[in-house]
Number of protein chains: 2
Amino acid sequence: MIRVLIVDDHEVVRQGLRFVLGQEDGIEVVGECADGAHALAAIPALRPDVVLLDMVMPGMDGLAVLRELAGGPAVIVLASFLDDERVIEAVRLGALSYLSKTTAVDRVVEAVRAAAVGGSVLEAGTAALLIERVRQDRRRNPMDLLTPREREVLAELARGRSNAEIARSLRLGRETVKTHVSSILAKLGLADRTQAAIFGLQQGLIRLDEALDS
Amino acid sequence: MIRVLIVDDHEVVRQGLRFVLGQEDGIEVVGECADGAHALAAIPALRPDVVLLDMVMPGMDGLAVLRELAGGPAVIVLASFLDDERVIEAVRLGALSYLSKTTAVDRVVEAVRAAAVGGSVLEAGTAALLIERVRQDRRRNPMDLLTPREREVLAELARGRSNAEIARSLRLGRETVKTHVSSILAKLGLADRTQAAIFGLQQGLIRLDEALDS
DNA sequence: GAGATGGTCCCCCTCTAGGGGGAGGATCGC
DNA sequence: GCGATCCTCCCCCTAGAGGGGGACCATCTC
């Protein structure tokens, strides 16, 4: 008997999963939780073999639960979307399968049975993401090309500041700022400061909603 | 008997809703669809009184379906998140209720019964959003100040393009682009094209990850 | 008809931005 | 010590950006 714990903040999803898994031979749903904290508290008593874990939950999200669960029961992550970064991170943290909620329920059942013996069920989209990541790692993060000072200047660019403002902000001469900006453009292969600003935002140096403030 | 149609790409959600609603007196689930196009095709034959509509679906999403459904059956929108813009837009398009999937199933049943007689069930979060929107409308969206052509130019700015590139892209003279850029900066109170680009990204004219792509 | 608005293009002007150099000082590793 | 890297600042030069005008034409409104 495979003991399954369902962790999802959506009641309809929990009911759906319980209903589907309940009809399967050899699978028993031993509990369900609406958030990560309750799940971690309940696991010692429920002793599940497999945890079906929602990625997006209020409070403690799926990744946080995964971190705490290292070495415990097998985990299958259920997500509404295949968010690139989260897939990678979840797999790194030991998730066996990473399924979208759009997946046919048969696949979920399949993943549960596989997880009970340490196996994985990968969707086409997930597999593609993992491969893409390996590819990306080869053509390295362009940010590594920049010196610490250049990264500071790039962050200022991403805020929408002029050379003179950056000079004041970082206590530099305007000529020095120009030198850094030129290096940034050359190293990243960008045409002008506007493209640099966009790049900085894409890299998350500055949150989009906190740019332009001031 | 209230005839209900369930439209959601997640099979587990459909099963969950069918299970919950099926236990209610006076409610009958007459069908379920996995995407918007099938839903629109099936509605004339199924004649539902109430449509439970998922906001996020592949292909034709919830808003698109709502647009086509104007004047038809009552619609209750189900969403994973309370996305500000979508809530407003959905309500504007005639959705009676806008519920999060984290809502207790009792509320869904309540919303279905209300919708059958033209009523609404609002969650606290949704109500707050609507109030906030009314507040925002007072201090007006700055984008309304721009003409359609200026918005196009602003989108190009947000891509990181130069005046010459924008001119080629929009089939304009470079002087004309300069005129538009100047108007944009003046109307929005921004200092230069870099700030305009950031503003355009914040407004969602261009997705951050698709900026800079050539 | 007059007026307002939006779109297109032009001119002149100033100033910032950005490329291409040079150069001194600090730190680190060999 | 010596090379490498980084940070700082300077000069000259060109091209682009941005402000401030003006102009023509179309459409819509009153």
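As the structure is a prediction and not an experimental result, all values here were calculated from the model. Just so it is clear: chains get the letters A, B, ... in the order the sequence lines come, proteins before strands, and each one is counted from 1.
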| said: I need the minimum non-hydrogen distance between A211(A) and I198(B), along with the two atoms involved. | reply: CB-CG2, 3.6 Å
| request: Calculate the interatomic distance between R149(B) atom CZ and dC25(D) atom C1'; express it in whole Å. | output: 15 Å
| request: Side-chain contact test, heavy atoms from C-beta onward, threshold under 4.5 Å: evaluate it for Q195(B) versus R161(A) and give yes or no. | output: no
| What closest approach, in Å, do A196(B) and L185(B) show between heavy atoms, and which atom pair accounts for it? | CB-CD2, 3.9 Å
| Between L190(A) and L170(B), which is nearer to the 5' end of DNA chain C once each is assigned its nearest nucleotide? | L170(B)
| task | Could you state the atom-to-atom distance from CD of E175(B) to P of dC13(C) in whole Å? | result | 15 Å
| SB check D8(B) K101(B) (cutoff 4.0 Å) | yes
| Phosphate-side-chain proximity, H180(B) and dT8(C), N/O vs OP1/OP2 below 4.0 Å | yes
| remark: Closest of dC10(D), dA17(C), dG7(C) to the T179(A) side chain is dC10(D)
| Just how far, in rounded Å, is P of dA17(C) from CD of Q195(B)? | 11 Å
| Would you find a donor on one side and an acceptor on the other, under 3.5 Å apart, between the side chain of E11(A) and the backbone of V105(B)? | yes
| remark: L172(B) has its side chain closest, among dA17(D), dT8(C), dA17(C), to dT8(C)
| message | In whole Å, I'd like the distance from the CZ atom of R174(A) to the P atom of dC9(D). | response | 13 Å
| task | State which of dG18(C), dT8(C), dG18(D) makes the closest approach to the side chain of T176(B). | result | dT8(C)
| query | Are any of T147(B)'s side-chain N or O atoms less than 4.0 Å away from OP1 or OP2 of dG7(C)? | reply | yes
| Checking all strands, does S182(B) fall into the base, sugar-phosphate, or nothing category for heavy-atom contacts under 4.0 angstrom? | sugar-phosphate
| request: Would you kindly give the CG-to-P distance between N163(A) and dC9(D), to the nearest whole Å? | output: 13 Å
| K178(A) NZ to dA17(D) C1', straight-line distance once rounded to whole Å | 14 Å
| query | Where the side chain of V181(A) is defined as all heavy atoms beyond and including C-beta, which of dC7(D), dC9(D), dG18(C) is the nearest nucleotide? | reply | dG18(C)
| request: Take the protein atom CD1 of I166(B) and the nucleotide atom C1' of dG16(D), then report the distance between them rounded to whole Å. | output: 13 Å
| said: OP1 or OP2 of dG18(C) versus the side-chain N and O atoms of R193(A): is any pair under 4.0 Å? | reply: yes
| task | Rounded off to whole Å, could you give me the CD-to-C1' distance for the E165(B) and dA17(D) pair? | result | 14 Å
